[in-house]
Each structure stands twice: as C-alpha cells, then as structure tokens.
Amino acid sequence: MLGLAHNDSFSHGIHPPEMKDETSHLSIRRFPFAPLLIVPLSQHLGKPAVPVVRAGQEIVRGQVIAEADGFVSVNMHAPASGIVKKIALAPGIGGNMLESVYIEPYPASSQEVQDGEPCDLDTASADDIIGAIQRAGIVGLGGAAFPTHVKLKPPEGKRLDTLIINGVECEPYLTTDHRVMLEQTADIFNGIRYLLKATGAAESLIAIEGNKSDAARKLHDECPSDLPVSIRVCPVKYPQGAEKMVIRSLLKREIPSGGLPADVGAICVNVATTAEIGRLLPRGHGIQERVITIGGPGVKRKGNYRIPVGTTVRFALEEAGAAKDISRVFLGGPMMGPSVSNLDIPITKGTSGITAFTTVQINEATGHQKIYPCIHCARCVEACPLFLNPSQLGILAKNEEYDRMVEDYHLMDCFECGACSYVCPSHIPLVQYFRLSKKMIRKLGAAQ
Amino acid sequence: MNVPGQQPQTSAWSMYRAIVGIGAFCALVIVVVFQSTAARIRDNQERFLAAAIADVLPETRTTVAVGLAEDGRLVPTTETLALPVFLAYDEAEQLAGAVLTAMGMGYQDNIRVLYAYSFEQNAIVGFKILESKETPGLGDRVEIEPHFIANFEALDASLSVDGSALANPIVTVKQGEKTDPWQIDGITGATITSEALGNILNNSASEWVPVLERDAGTIERGDRSNGQ
Amino acid sequence: MSGQNQVLEIGSSPHVTSGASVDVIMRNVFFALLPVCVFAVFAFGIAAALTLTTATLTCVVTEHVICRLNRKPTTVGDWSVAITGLLYGLTLPPDLPLWMVAVGAIFAVAVGKALFGGLGCNAFNPALVGRAFLQAAFPQAMTHWSLPFAADRFSELPGSILAFPFAEPVYDAVTAATPLARMKFEAIQAENPDLLWGLTSGSVGETCGALILLGGAYLVARNMMNWRIPVSIMLTVSLITWVFMQIDPAVYPRPAFMLFSGGLMLGAVFMATDMVASPITNAGCWVYGMLIGGLVVVIRFWGGMPEGVMYAILLANAVSPHIDFLIQPRVFGTGRGAG
Amino acid sequence: MSIAVLTLAALSFLFASLLVLAHRKLHVDEDPRIDAAHQMLPGTNCGACGFPGCLGLAEAMVSGSALPGKCTVMNEDEREDVAQFLGVDAGAEEKVVARLACAGGTNVARNRARYEGLESCRAATLVAGGGKACFWGCLGLGDCEVVCDLDAIYMDDHNLPVVIEDACTACGDCVDACPKDLFSLHPVSHHLWVACKNLEKGDAVLADCEVACDACGKCAVDAPAGVISMVDNLPVIDYSRNHNVRKAIERCPTGAIVWFEKDKGPVAGRAAPKVIRQRSRQSSPT
Amino acid sequence: MSDASHWSIFLNAALVNNFVLAYFLGICPFFGVSSKLETAVRMGAAVSFVMLVASVCAFLINLLLDAVNAPYLRIISYILVISSTVQLVEMLMKKISPTTFRAMGIYLPLITTNCAILGLALFQTNRGYGFTQSVVYSLGAGIGFALALVLMAGVREKLELNEVPDLVKGTAAALVVAGILSMGFMGFAGLGR
Amino acid sequence: MASKEVTSTDEFVKGLWRDNPVFIQVLGMCPALAVSNTALNALAMGLATTFVLLMSGLSVSLLRNFIPREARIVCYICIIATFVTSVDYLIMALSLELHRALGAFIALIVVNCLILGRAEAFASKHKPGRALLDGLGMGVGFTLALLFIGVVREILGSGSLFGVAVFPDGFQTWTVMVLPSGGFFAMALWLLIVNRIKQKQAAAAKTVEVTS
Ligand SMILES: Cc1cc2nc3c(=O)[nH]c(=O)nc-3n(C[C@H](O)[C@H](O)[C@H](O)COP(=O)(O)O)c2cc1C
Ligand SMILES: Cc1cc2nc3c(=O)[nH]c(=O)nc-3n(C[C@H](O)[C@H](O)[C@H](O)COP(=O)(O)O)c2cc1C
Ligand SMILES: Cc1cc2nc3c(=O)[nH]c(=O)nc-3n(C[C@H](O)[C@H](O)[C@H](O)COP(=O)(O)O)c2cc1C
Ligand SMILES: Cc1cc2nc3c(=O)[nH]c(=O)nc-3n(C[C@H](O)[C@H](O)[C@H](O)CO)c2cc1C
Ligand code: SF4
Ligand code: SF4
Ligand code: SF4
Ligand code: SF4
Ligand code: FES
C-alpha cells in the first residue's frame, strides 16, 4: 500500500473469520418504506426525546417529531412523510416496552426531505456546530449510539489534540462503514472539517483495517490537501475498532482505566457518523435513515442498505429475503450484537446491521456448546485486549463475589467485546456473566 | 458464670493468691509424683538399658559407665551423659567389651544407636537402634534385614599402627559389594539410612576406640561405683 | 413471511466461537502421548502395555463410578481422565504390581480430582497425587526398576507385576538402577544419546526424551500447551546445574544429563503444564517453571532422594494460587503507559 | 524437693506480679460487651469460626457482623445464651410474606423466543428481556427459589414460583433477586392481590398471556370507591383503606386479580377462565 | 551437645520435619486459620515471633531448672513462662501500638494454646541445642509453620471458589490438602544432612 | 447457666457423637493425628488425655470461685500441666516402651486445645459432678475417635491390629498410613463418613418435619 501509513496494533485480541466478502462489494441501496414505521423516543444513551406530534397528525419526512430533553439527548426526525398513528408502547431491543411514535408513511408521497436551518462551516463557531449536531439528532453510528455532540465538548481542563475517525469496522459480517468510506468519501472529509472545528483538534487520523484497502486507497487519494488528515491502516484483528484499541494502536496512548478518550487528548468518531455530519449539517437535515448491512447465512439478498429509522426487523428481513427457518437474529455483528426476541422491534440509529442465522447455521458457528468447568487454559487471558483475567472473573461471577471482581480484577473495565467467550474451549458464557455481574453491582451500588 | 457486661475489678491479692497458691501446690503435686515414681522409673530405665546392652553384647554381666576426664583420660563417671559409654564385664569379671551410644542424622531425623566394641576382635560386634524415625519398610529395614545385621558380626574397627585412629574408616557400600571387613553391606532402597549408620559408627568409633584401647584396662574394677 | 413460523432463539453475544473445545484439547494431549506410550511398550515389553492399560482403565472407571455415585452425568467423555490415567501410568516403574497401579489410579482420580470437584477444580496434578501416594505407600516397589530392552520382554512378564492383590511383590533377580540413582549413589553419569533415545532404565514413559519433546512440540504448535513452563523449567535447571558444574564437575553432573534423566522431561512437558494446577499468566508461568526447576535441582543435588520432579511439581502446584494472586496481568489503562 | 516448690512458687510469683502490673498499667478500655461475650465463648481459640480466636468472634458478634452460630464448639444452649446476651430479638408483629405479582406459568403464558445461556432469570433478563412474550412476566428460571435460604419458595409444574407462607420469614431475598421485580412483602391480611404487571391493555395482552390483566377496569368499579384505581393499565389497590372486598375479583375476565385464602393460595373469581392445566404454551407460539 | 550446623537445623525444622506437616504440631490453628490468605499470613508471622520469644524463654528457664536440678518441673515452667510472656507481649502491644495489635495481636491468645510452641521448647531441650542453635531452630520452625499455613491458605481459597462436593467441603478438604502437601514435603527429606 | 434441663447422661453422651471433639469440633487434632499410627498408641493417648481431662475438669471446677478471671488461663494451664507431668511419669513408671511410642505428645497434652477448651467452656462454669461427666464424655469421645483413626492406620500401615497380624504373611504394608500424610488421609476418610451420616440424619430430620 504505497503512501499509506501502516500501523502496528494493540496486544492480544482475536481473529474471528471476517465474513465480509459477500457484502463488501455491494454498493449501498435504498430500502423501501415499510407500511408502518415505529420510532422509539429513546434511541440512544441519555434522556429520551419529548414528542412534539400528536396521534393523527400529518408529518413530513425530516420534520422534528421529538425534541431533545436536556444536554445528553438529541432530536428525533420523521423518517417518512405520513401520518402519526399513535404514540404508544412498542417493543425495544432489550425486550422492554418503549414509548414510540407509530408512523404510517403515505405510499404515494415523493418523500422529499424537509430542509432545516443549515450550519455553515465557515461562519459557525464551535458551539454552533455542536448545537447543530444535537439538533440534527446525530448519535454515534458505530454502535454505542452515544450523542455525538456530548463527546465533542471535552470535560473542563482537557484539551483535544487528535481527532480519530474510526473506520475499522472489526465486527465480522458488517460492511457499512466500508461502503460509506467508498461511497461517501467527500462527506467524510466535510464531516472532518466540522469536527476539527468543533473540537479544536489539530489533526485527524483515519483508522482503517487492512482488509479494506480499497477504501483506504480511495480516502488517501481523494483527501483534500489542505486537510490535516492521515490514513492509518491497522492489522486485521478484533476488537481493533474499540475506541481504546484504536487510540492505543494509532497514538500509543492508553485511555486510563475508567477514563475517557479526552483524558489522553483524543476523540474517536465513527466514519459513518462523520459522513452523516458532513452530509446533513450543510443542509440542516436530521438523521432519519442510516446505512446497515443485512447479512448472515440466513439471508438471501445480503447487502448494504440505506434504511429508514423505524423500519421493523421483520420488514427488513422480508425485503432481504430471509430464510424461512431463521432462528437467531441479532442487531450488529456476531461478536457484540444483541439478539432479538421479537422481529417487530424497529431499527434505530444505533443499529449497524442485521445478521440472521438458521438453527443449523448457528449451531455450526458456536460449535458444540457443552459447558465445561474452566480449565485455566489462559486462552481468555491471552485474548482479552484489556489484559483482564476473564478466567478468574468468570469463577468469581459464578460465586457471586462481585466485590472482588471489581476491586481485585477490574470488572468495570471490561467492554464486553466477547473475545474471551469466543476463545474459551469450555464455552463458559463469560460475557454474559460479566454483564450480569455489572448489573448486580450497579444494583447493589444503587441500593446503598 | 459472672454476670456479663460488668467487669469486677480483681484485687492484686486475689491474683497473687490464686497464681502463687496454685503454682506452689502444683509444684508440690509434681514433686510428690516424681518422688514416688522415681524408683520405678529408674528401675525401668536400668532394665531397658541392661536389656539393650545384653542385646548387643550378650556376655555382659556388669557395666561401668565411663567418660572422658579433663585431660582426655577415660574415667568412670556417675553423670548421665547424653551419649553414654560403658565398659562391660562378663561373668568372670573380665572386660568383655565396650558398649557405646552414638547419634547422627539419618534419612528423616537423628538416629540413636547402641553398639558393642570387642577388645578381643578389635571389631564392632553388636548393634541396636535405640531411636529412629526412618521410614517403616525402608529405613527401618536396617534392624531386620539379615544381611545388614550380619555386618555386625565383626565389623573391623582396628586401629592404625600408632593407635590414634581407625586403620580403615568404616564405610557403607552398595548391597552385595562388600569386600573388606570394615565395610558395611548396604541395603538397596535404604541406601541413605545405611550410609548414615556407617557415618555414625565411623564418627563414634574414631573418637572412642583409640581412647578405649588405651585406657580401658586402667579402669579399676573397684571403680564400679554405681554398681550395675 | 419470513421468520414468522419459527421460534426465535436468543442468547448472549458473542454468537460465534472459535470452535475450540475442552474435549478436543484433551484428545490431542492424549494423542501427543501415544508415541511415548508406543516407545514404552517397545522398551519394556508387555509389562509396560499392561501397566498403561491398567492405569488408564482404572482411572476412567473410577471417574465414571464417582460420577454415578454423585448422580451426575459421567465426565469420562471429556478425555481429561484418560490423560490423567495415561500420564500416571507413564510415571510408574515398569514392573510395579498391577494391583498397586490400580490403587494409585483410584487414589489419583478419587482424591486428586473428584474430591476437589472434578475437572478444572483440582489444586494438584491428579496423576502426580496418585504417584506420590504410591511412592509413600510402597516405597520399595516404587524404587525397583527393571532393565529396558530385556530379551524376553515380549514373551515373559516380570513376576512382580502379577503379584496377588495386597501381597508383597516378589522380584526377579535382575534389577537396574536409574541414571539418577547411579549418579547420586555411584557418581556415574549416563551418556547423552542413551538418555535422549531412551536406552536407560526408569519409569515407563520417562526414558525417551526425544519423543516427549516431539509430543510437546505438537501441542505447542496447536496452541494447546504453554511452552513457557517447560522452557522455564529446563532453562532454570540447566543454568543452576551449569553453575555448579563449573564449581565442582566431579560432584555435579552436566546440564544435559539433568535435563534428560529421570522424570524431568515428562514432568516439564506434560505434567507441569497441566493448566488446571498451574498459573494463568505468562509471567506467572515463567516463575512457576523457575520454582519447579529450582526445587528439582535442590532435591536432586542435596536431598535424600535421587529424583525430585514429582515433589517439585506438587509443591509448585500449591504455590500457583499465590503466583496467580501476586502476578496479575497489568490491566489496560493502569500503571505505565496510561493517561 | 523444697527447692523445686520454692522455684515454681517464685516463678509464679514473678509472673503473677507481671500480670498484676500489666493489668494495672496496661489496661486498655474497650467495649465491655466484647469482653463479656468473649467470656461466654468457650475460649478454645480453635479458630474454627474463621476468626482468629474467640476474641475475634466476640468482637464480630458485638459489632453485628457474625452470629453465635459460627462457633462450632458451643452447643445449642450455649449459643442461645450468647444470642440472648447480645439481644437479638424479634418482636411479635403481624406475619409478613412475599407475594408474587405474576400468574403467567408456562400453561398460560407464551414464550416468544427460546433463551439459551446461563440458567438464571437475572442473566436471561439481560438477553432481550428473557424471551417471554410478556415483558413483565416471570421467566421461571427460579432465581427466587435458589436465593431463598429457607426453602420457602418452590417452582410449580408450570415454572411459576409458589411461596410457602408458613416458611417465609419476609427476609426479602426474593424481592432483591427477581429481575422483574415481581415480589413484594405484604402482611398476610392483604388478601386482595393483583397478580400481573403487564402495562399493556386490550386483547393483544391476552395473546401473550391468558391470565394477564387487560385493563378492563371491572375490579375498580366493583370495589368501593378509592380502594382500587387504574394506573397505567393496571389496578392498584390502596391497602390503607378497607381492602377486604372479595367482590372485586368476581367479574375479572382473566383472573388477574385474586384473593389469597389461607392454605389455598390465590383464588380467582368466577368469571375467570378455567386455566388449562396440562398443556404448555412454551413451544406453541401463535 | 548437639553439633548440628545452623543451616541444617534450620532446614530440618522448616522443611524436612515441618512442624505441621511432619510433626503434627499446631494442627488446630493450622486448619482454623488457613481458610483466608490474609489471616494465614498474619498468623504465620505471629507464630514465628512467639516461637522466637518462647525459644529464648525456654532456654533461660531450662538453665534455671538445671541449676536447681528439677527437670520434672520443665513442662509446667515452660507453659507458665510461655503463656505469661505471650500475655505480656499482647498487652504491651495493645498499649504501645494498637494498630500492630489489630493486625497481629489478636492471634496471640490463639498461639498460647498451640502445641507447636511448647513442642518447640521441649524439642530444643531434648536435642540439647545451645542458645544460637535454639534460636535458629525456632526461626526454622516458625518459618516452616508460616509456609505451610500460607500454602494451605492459597489452595483453600482456590477451593472455596470451586465446586467442591458438599460432603468434602470444609475440614475434610483441608485434611486432604494437608495430606497432599505433606506428601510434597516428603521430597525435602534428607536435605541439610 | 446453659444446659438447663440437661440430664447427666446427656452431659456424657454429647461428647461421643454430637459434640465429638475430634470429628465435630475438630479439636485436639495434633495428638489425634500424631499418635494414632497404631491402635494401641491411640488408645493409650486417649486414656491419658481422658485422665487429664477428668482431673483438670474436677480441679478447675472446684477452684472456679477461687481463681480470678484475669489469671484464669495461667491457672488452668498450671493445673493441666501438673496432671500432664504426673501422667508422664506414671506412664514412664508403667512402661518405657509405651512412653517411647507416645513420645513428646504426652507433654503436649498440656496444650491440647480440647482440655483447655473444656476447662474454660465447661468446668469453670459448672459443679464438679457435671464437670466430671463432661470430661468423661469428651475423653471417651476423643479416645474413640483416636481409636478409629488408629485402627485404619494400623491395619493398612502395619497389617496388624493392636500388634496382632490380621493378614496372612506376605501382606504388603501401606507405609503411607503410618507417615504423616496417612494420618491426614485417615482422618479425612472418617470425616467423610461422619459428614455422610450427618447429611443422612439431617435429611431424615427434614422429612420428619415435613410429614409431621
Ligand atoms: C469491542 C468494541 C468494538 C468496537 N468496534 C467498532 C468498530 O469496529 N467500528 C466503530 O466505528 N466503532 C466500534 N466500536 C465503538 C467505538 O469504541 C467507539 O464508540 C466509536 O468508534 C465511536 O464513534 P461513534 O460514537 O461515532 O459511534 C467498538 C466498541 C467496542 C467496545
Ligand atoms: C516415602 C519415602 C520414604 C523413604 N524413606 C527412606 C528411608 O527411610 N531410608 C532411606 O535410606 N531412604 C528412604 N527413601 C529414599 C528412597 O528409597 C531412595 O531412593 C533410596 O534410599 C535410594 O535408592 P537405592 O537404595 O535403591 O539406591 C524414602 C523415599 C520415600 C519416597
Ligand atoms: C504425534 C501426533 C501428531 C499429530 N499431528 C497432527 C497434526 O499435525 N495435525 C492434525 O490435524 N492432527 C494430528 N494428529 C492427530 C490429531 O490429534 C487428531 O486428528 C485430532 O484429535 C483431531 O481433532 P481436531 O481435528 O479437532 O484437531 C496427531 C496425532 C499424534 C499422536
Ligand atoms: C498440556 C497438558 C498437560 C496435562 N497434564 C496432566 C497431568 O500431568 N496430570 C493430569 O492428571 N492431567 C493432566 N492434564 C489433563 C487435565 O488437565 C487433567 O485431567 C486435569 O488436571 C483434571 O482436572 C493435562 C492437560 C494438558 C492440556
Ligand atoms: S469481554 Fe471483557 S473480559 Fe472478555 S475479552 Fe472482552 S474486555 Fe476482556
Ligand atoms: S478460556 Fe475458558 S477455560 Fe480457558 S481459562 Fe478462560 S475461562 Fe477458563
Ligand atoms: S419470580 Fe422473578 S426470580 Fe422468580 S422465577 Fe420468576 S422471574 Fe425468576
Ligand atoms: S426469600 Fe425470604 S421473603 Fe422470599 S420467600 Fe424466601 S423467606 Fe420469604
Ligand atoms: S491439639 Fe490443637 S493445636 Fe495441637
């Protein structure tokens, strides 16, 4: 790769099969509007938005239907022109019921997007841009769905020197970021300009895994010369895309335990998020659709789709031609994606993909699932990118020794990447143990 | 019991009374017990020793405990040494040999042995383990293994020409490899214990045999002060 | 309508795994031991074959019976008990009475493993617990060695091996001394090639260093064994031995002799590496190996017995929880390099 | 002989003096209860309690972090005495028991997805809510049963926990354990009880669970005013009023509101459908 | 009269004839206090210290008893001296440094009634050790005791988290571990000869 | 104070099983393990301990109002030491062989936690009669436990029982059983059996409770 800076990587980590070949060459296609769209008012971390429409009200695509409630909250925009059927409970990804706006799109509508107030890069101040991002309803599209504008304001006393654009996309099956980098190159650079201005960072690095060399080349070739951007190609390794790992690989800095990227002067934004910023802000639009990969062996017409927020998983799978007997469906990739119990849940801004397996296929993928006791093989220790001791954590979790997990073994640092469960020959559901333990610890903490 | 929660302040007097009183009384009891059993215990010990000596040197009828005087001479002694040495006399009141106690590190812990030295043969002629923690079935085979016991029919301990040291050091060799009378035929599987015994005997004999050979004859029969 | 007639299945992420499995690992260890076993039979004849079979079968049956007694599904299928049995068999003298082989095997599995909770819970290496028990229970029999490559090894059995249960074995006349015993008690060192190719006497499976190393290399190549432990043990032993050899070559043997004599190879490659009872971090494994190596040298040079690998590993097993506690991975974002 | 006695007397005198002196000069004030409790312990200092000696246990007991039962040496009576001294006593109040706000066993409630993973309600809840069609309902994996040290909870044939009221001491462990917050502690006199937490309404609810509350509001109407009010599609009983109104359960079309009868457990009203006992709805989603 | 070298006395007391694992001395606290590593470490330190004190005291008292020719008072004087000394040390510690007392002092009463201490005093007399030999012996014994205790605690903490069958949990498991450890310590036999 | 309606048989019997010093309270372990390599040693040690237990219990109980609280440990130990020394000499007078076998452990009865424990926990709070009964029960329980362990160790370790061979010639002795580790294993074996019985009893008690 001439002219591209190759980067070394973090230690540990794993190499699951990438499974990206089937969709990485497929360009992004538009997805049809479902007959019913369900827009949950809580699609991100932070406070849910407050609805500003009523049942029966007609709405136009792009119109604000719910407003941010406080700083850690963003606007919600109508994904389609149509009519508000009701505002009621709808199932969410956690199996829980969320207050949501049910929208029936007009089938005949041209689905023009309503323009908002644009944010001009040259004239806007940093705070203007941050406000515009919040108004545009932008949250992290890399998976965590954390309101982006919040990240852009570093805590008091911290200075950001580097903006990292995360185009790693290390999860198997997913190719959305790859396609975005190929097809929205200009938007990305535009977004970087906004972000650099908003954060005051001096330079920007784009991190890309070695298996997306075409994207790296394209970004490299088309990079405007006035932009302080360099492209870094990282070795293919999971979880290269995690914030802590990207920053470690690119900057050789370790985010302190319990700390934020800002503690090491960096900020990490996903490429798709950046592209959306670059695309939406000049026009004053809000997010009402996103790019997702619909894939997995249970899907016939795999691909990368620009899909309206609020489309149900069921509709998406039907359109993509899912097999009759799909049994495990999860949102995102197989390493971190939560599995869904109900196909009627809507796709939200944080959904980066839908992956579906049939029973046979999932059994193949997970191998024989007989759970043995931990044999201390240390594979998990060798896999954990955060240098935790999942073996001991798992044993402690089983014994419900939550205090020791936190105090002696840094449980709270675990970001649930799943590397440990992936390699464990005893098939111990380590990540599930850790999630449960964290929840119990929070509950105990709250009780005190 | 006393009522919990309140701490009665004990007077110094009552503490003294209790501790000193009980202490003195206990000492009294112990002394009484000691006095009343002393004779039997002495008797027991003597019988034990006599039996052991008879074991290693059957001719023995009477013994004299001996020790080293300040000037290095062999003299009769009344003290109980940690490793006592006796001169043994037979029926005819003739010097039949010497019986010595020796101690040294074995496989596990110290081994204490009693052995007999014959002035006539210039050899060790009897041997008995008094105390050992050697492994039953391994180390303790030195007491039962016939070929090992056979070593002590006459284990050469003759002195060098000038009489100051053993002519040949006593050594333990591998089982079946004994060629010389001063060698101990070891026990396979208990090599360590066998070797330890060789060392113990060698050390003790090197120290005592020259003295015994020099002075044993000088001990007067009348010196048998403690009459055993 | 897709997916409609199908009950969905939900589970925690990750939804894919590497496919590694305990039984596969264990099976591979078992296979890695087979060349050693074949050589053992070649060198010691049917006696070795009988010893190995008895050891393995007794272990497997014991585990099965204990699972039954506890009303739990049998865990024989995970192959770990087969390894325990095979390794245990490989550490025994070739003419040990079979009834003793069985007693030790029962002890190894019942006390060394099941009592602690079975696979993954044993604090000590079960195979070595079994051997240590035998060593302490029947020290004579456990220090009695027959000659390798005896002419009649495929036609005749040593009389001792078929001793009536609970009866004292009666040994045939020929006995051999192991290289270590000859070193300790006669100061004779065996030649390197003899040790490497297993031409000496000793326990069933300890004599051929080359095949043990081969099996170990296979496991290391398949990432089923932590190579740091054997390497650390061997380095430590070689280093200390070399230093002492410089001081007094008449008393202290060559490093190569130390490495390939006695159970060191088998112990270092297959027994110290039992992950259940060894530390979990790599740094910990280095320390653990050094500890074993140090103890081996101390016991061999200055202790009462010619061999000390078994004791060294058992003692190090007891230390490994402390190593795990003291040497923990440096968590990302703590200490150096963070912030 | 007299020397011996004198020696020991002298020795004991010496140490007695030291002890007396030490007690005078070195005395340190501590909670007298520790000392008293220490005295009541056997003084074996065997360490079997896990504390370093009897004093350790005494301190722990006084500070409340351990109970006399820790001591393996004392017998029952002695333990009882210590407990009495430490004054751990429960007054005689009305019996309180744990009540379950769900009736959706596998015979009546549907599972939307099959859960695979740790056999625990708390763990399952984290995986898309656990797979039960009713988000609020009992997952039936029995965390409450496991956590109840007194064995006061067992899982019935339809994987629904049942509280044995006589055995329940209202320790609240199950309340903490249930990830769906289905347990709460109530005096046994609270006969009227809503055994459902589903916040949805209408027939859609019944597709998921036959005994769910469909928010028809009949119970609220039948009860005296103010005793039952409908909040978020569920009846809420105001136990501060006279709630002894069995009538309220009679017209409930699903049996979601029940009457706890001594020794019989929850009894549904006449209008409630007879629940099919045998069939499991687990594997037959609609 | 013993001419054993200090080094061999030390090794013998600490490893070869470990007080707990070979001589069965101080078994009760060994099982009682070995379930937690932290306690075990502190108890080990406290025992080592008291052994040292007891050894010195016993040596002196023995001189006295020899002088008055009353060996039959040995047991009672030893135990009197040891228990009083320990009690004094305890009170002194409480007064001078309450923090040290918190950390270590609470183990002292437990140690008074520990056979290992009296055993040490009697053994050193029986073997006829001189003053420095006695001190070395007590150090070896103390360190050996602490070592056994700490190893035991490590294994027991590990077992605590395992699925040890109910039948075995507790003392039975501890006994088996002690048995295996004791077999392991047999490897040291013959050291320091 | 404690046992309000305890019958005297109860006082005695509790030491045999319910509060058995070795198997249940895990006290006095040192002699239980060290001197149980043969049944005879075990019996002798048990009897010696019982004797000291009885005598010290009696003395402590008689003197309980005379001894101030602060000085009690020292006094109890003195009393115990006296009886132990006496036993020591008595055994020596009886048979030196036996004394050799019991070795240093006679002296160590002084610090046998069991004796001091009973002195503190029971004798110092009860009348002499009760104290005697308690001591007897504990002593017999202790002796029995030692005997149990000793029997196993002697049969396997020496092939004999009370010195009489129980196997035909040529029996292979299990040396380990007379070694320290064998002591631990034999004790563990009995503890497993005791635990098993206790489990059974508890289960039985439970079913009774439920059915009644
Ligand atoms: C284990 C793990 C893997 C991740 N992988 C990726 C990834 O491949 N690509 C990505 O953009 N973000 C990934 N993330 C999220 C990043 O840590 C980070 O939140 C994100 O890049 C921030 O950008 P956003 O807020 O715009 O989404 C991952 C997070 C974790 C914990
Ligand atoms: C449990 C056990 C106890 C042992 N006890 C003794 C012993 O009492 N005496 C001894 O010389 N060796 C003892 N040994 C050491 C070995 O038997 C040693 O290998 C042997 O003494 C030397 O072997 P060789 O005599 O066959 O050359 C013991 C070994 C073990 C494992
Ligand atoms: C000495 C030895 C070497 C072996 N080498 C290999 C090898 O290199 N590759 C292999 O797949 N199997 C090898 N085997 C056989 C494997 O252990 C066996 O095929 C394996 O258990 C199959 O499981 P797997 O396919 O899950 O690995 C070897 C066996 C032995 C005994
Ligand atoms: C590299 C390796 C070495 C092993 N060594 C032993 C061993 O020495 N003894 C043993 O009983 N099991 C051994 N096992 C098998 C397994 O870990 C053993 O059965 C467990 O100790 C039982 O819980 C080994 C396994 C592996 C992978
Ligand atoms: S899930 Fe947590 S413990 Fe496991 S590898 Fe990832 S960060 Fe480490
Ligand atoms: S990978 Fe699994 S079996 Fe191996 S140490 Fe980790 S938790 Fe234990
Ligand atoms: S009541 Fe709660 S804890 Fe009990 S089984 Fe149901 S969901 Fe689980
Ligand atoms: S856990 Fe407590 S409150 Fe719940 S049923 Fe059991 S005893 Fe009652
Ligand atoms: S008898 Fe309890 S510590 Fe020795």
Side-chain angles (χ1 to χ4, degrees), chain C residues 66 69-71 92-93 95-117 123-124 126 128-144 159-171 304-305 310-311 314-315 317-318, chain F residues 23 26 29 32-39 41 148-161 163-204 206-207:
Chain C
I66 290 177
L69 287 180
N70 287 335
R71 299 199 179 76
L92 299 177
D95 54 359
L96 192 71
L98 290 182
W99 73 266
M100 292 187 186
V101 175
V103 165
I106 294 173
F107 194 87
V109 174
V111 176
K113 186 173 172 189
L115 202 133
F116 291 114
F124 298 91
L128 288 181
V129 169
R131 188 187 201 280
F133 182 79
L134 283 190
Q135 176 94 36
F138 314 114
Q140 305 102 301
M142 289 294 286
T143 47
H144 193 279
S160 57
I161 201 167
L162 291 179
F164 200 72
F166 299 100
E168 220 166 334
V170 181
Y171 287 101
M305 274 165 294
M310 172 180 77
Y311 295 113
L314 282 177
L315 290 168
N317 284 166
Chain F
F23 291 139
V26 199
M29 297 280 279
L33 293 171
V35 204
S36 59
N37 50 357
T38 68
N41 285 354
F148 276 22
I149 303 176
V151 165
V152 171
R153 293 181 70 184
E154 185 174 355
I155 290 184
L156 281 178
S158 316
S160 59
L161 189 57
V164 183
V166 292
F167 291 106
D169 269 0
F171 171 74
Q172 169 72 57
T173 54
W174 298 33
T175 308
V176 68
M177 295 314 286
V178 295
L179 297 179
S181 30
F184 289 117
F185 292 139
M187 168 96 189
L189 179 74
W190 282 112
L191 217 57
L192 284 189
I193 295 175
V194 169
N195 283 352
R196 181 91 197 111
I197 298 174
K198 277 202 295 192
Q199 257 184 10
K200 281 247 162 93
Q201 280 182 349
K206 199 156 188 183
T207 42

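Treat the numbers as computed from the prediction; the structure is a model and nothing was measured. Below, each value reflects all heavy atoms present in this structure, side chains not excepted, and no hydrogens, waters or symmetry copies. Just so it is clear: chains get the letters A, B, ... in the order the sequence lines come, proteins before strands, and each one is counted from 1.
The shortest heavy-atom contact between C/Glu168 and F/Phe171 is OE1-O, 3.8 Å. For the pair C/Pro169 and F/Gln172, the tightest heavy-atom approach, listed with the atom from each and the gap, is CD-OE1, 3.2 Å. Contact between C/Pro139 and F/Thr175 at its shortest, heavy atoms only, is CD-OG1, 3.5 Å.
In this structure, chain C has a heavy atom under 4.5 Å from the side chain of F/Phe185, while its backbone stays farther away. For C/Val170, no part lies under 4.5 angstrom from a heavy atom of chain F.
Below 30°, between 30° and 60°, or above 60°: for F/Trp174 and C/Phe166 the angle between ring planes is below 30°, a parallel geometry.
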